[in-house]
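In what follows, every chain begins at residue 1, and chains take the letters A, B, ... in the order their sequences are listed. What you see is a predicted model; the values in this text were computed from it and never measured.
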Amino acid sequence: MPELPEVETVARGLRKVLPGRRILAVRLGKTDFIEDPPAVEQLLPNSRIRDVRRHGKFLLFDLKPPAANAPAFSLLIHLGMTGQLVVCPPEAPIPPHTHAFLTLDDGREFRYTDIRRFGNIRILDEETRRKILGNLGIDPLEATENEFAARIRSRGARIKALLLDQSVLGGMGNIYTDESLWRARIHPARLGAKLRADELRRLYRAVRDVLKEAIRFRGSSISDYVDAEGNQGSFQRRHRVYRRKGEKCFRCGAAIGRAIVAGRSSYFCPVCQTPPRKHSASAHRPGKLPRPKGRSRRRAGAC
DNA sequence: CTTACGGCCTGGGTGC
DNA sequence: TGCACCCAGGCCGTAA
């Protein structure tokens, strides 16, 4: 599941081989995940790749058409859940569900594989590009602590929903949201606007530490994710909560729980990550297990 | 303007 | 063995 660290790893891998390359030919398989297939087939051949960059979970390729007076444009690729971008020799075996092949002028092939086709490929003109990037939240790795705190405090939604919202922060997905909240000892159902200053600070640190560490380990390969060379990441071995329901919390030993928060499956330690006082996770029935008053505040630091 | 929620895309895994 | 069904993540439309 490509989130910020996985997309960043792919971008870095592609940046080593793509800039300067000219695209010689394009071949498409299934195209229902491509916005305008004819545009892709028409514009890419003979264009030159100038740069590859990550914005949130988007990959943006800056392209220069052959005609000197033609406007530059961008190719946007979102990997969805199962998208893979690999540069390989053309004779390399073709994995099933590979739907786009770009022949490069160095003899190699740039391929897009996507089992579920939840990904997205589209051509952007300058205006659309600006619009898409304008709707994208700040990059958690570039944000200052104050910017981060201001974003989180700005709305009344649950912290889980805020971290996942691409217009608040660009790049966080379910895995790194749960991992960050565990590190910060914050329950996913807490309201963002109600987080205390020390909690926001912990969360800011946790998000950055988790993302940086995940990039160092080249991302998490749960099912399909591979980098631009086709290799798996290894950060899944360092997950502390994600998909660990019933296993022991690395901090306090309690059994990791799972609940639907903000419509998403969420993993957390029910002891270290103190639930909000009023409405604990909406998946739980109210009335169960009344918590002694005033305790939760102190409690969080205990683990 | 919010936020919450259901549904949609597709196919792999699970359990009967 | 086959088959129905659940679930994954991001996003969008709709309701409140």
Original post:
Using a cut-off of 4.0 Å between protein heavy atoms and nucleotide atoms, how would you tag nucleotides 10-16 of chain C 5' to 3' with B, S and -?
Top reply: SS-----

Can you tell me the distance, in whole Å, between the [atom1] atom of [X] and the [atom2] atom of [N]?
X	N	atom1	atom2	result
Gln84(A)	dG11(B)	CD	P	15 Å
Leu79(A)	dG9(C)	CG	C1'	13 Å
Lys160(A)	dA4(B)	NZ	P	14 Å

Subject >> Nucleic acid contacts of residues 122-135 of chain A, taken as heavy-atom distances under 4.0 Å to DNA chain C >> reply: none

Original post:
Under 6.0 Å from the six-membered ring centre of Phe101(A) and within 45° of its axis: does the NZ or CZ of Arg27(A) meet both?
Top reply: yes

Taking only side-chain N and O atoms of [X], does any of them lie within less than 4.0 angstrom of OP1 or OP2 on [N]?
X	N	value
Arg158(A)	dT3(B)	no
Thr82(A)	dA8(C)	no
Tyr225(A)	dA8(C)	no

Can you find a heavy atom in the side chain of [X] that is under 4.5 Å from one in the side chain of [Y]?
X	Y	value
Arg251(A)	Val271(A)	no
Ile215(A)	Arg12(A)	yes
Asp105(A)	Arg48(A)	yes

Subject >> Matching residue for Tyr242(A) among Trp182(A), Tyr176(A), Tyr267(A) - test: ring-ring contact (aromatic ring centres under 6.0 Å, His included) >> reply: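 Testing Tyr242(A) for a ring-ring contact (aromatic ring centres under 6.0 Å, His included) against Trp182(A), Tyr176(A), Tyr267(A) leaves exactly one candidate, Tyr267(A).
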
Subject >> Neighbour count above 12 (heavy atom, 6.0 Å) for Glu91(A) CD >> reply: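 Atom CD in Glu91(A) is packed in, count exceeds 12.
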
Subject >> Exercise: identify the closest heavy-atom pair between Leu203(A) and Ser180(A) >> reply: CD1-O, 4.2 Å

Quick test: give all pairs of protein nitrogen or oxygen and nucleotides 6-10 of chain B nitrogen or oxygen below 3.5 Å, distance rounded to 0.1 Å.
from    : atom 1 : to        : atom 2 : distance (Å)
dT10(B) : OP1    : Asp32(A)  : OD2    : 3.4
dT10(B) : O4'    : Arg116(A) : O      : 3.4

Original post:
Hey, are Glu179(A) and Arg240(A) close enough for a salt bridge, meaning a charged N less than 4.0 Å from a carboxylate O?
Top reply: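 Salt bridge flag = no for Arg240(A) with Glu179(A).
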
**OP:** Please check if the distance between the ring centroids of Phe61(A) and Phe110(A) is under 6.0 Å.
**Re:** yes

Original post:
Looking for any heavy atom pair under 4.0 Å, which part of the strands does Tyr176(A) touch: base, sugar-phosphate only, or nothing?
Top reply: nothing

**OP:** For Gln166(A) and Gly171(A), indicate whether the former's side chain and the latter's backbone hold a donor-acceptor pair under 3.5 Å.
**Re:**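 The answer is yes, because a donor-acceptor pair under 3.5 Å joins these two groups.
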
**OP:** Could you tell me how the ring of Phe58(A) sits relative to the ring of His78(A): parallel (under 30°), tilted (30 to 60°) or perpendicular (over 60°)?
**Re:**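 Perpendicular: the ring planes of Phe58(A) and His78(A) meet at over 60°.
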
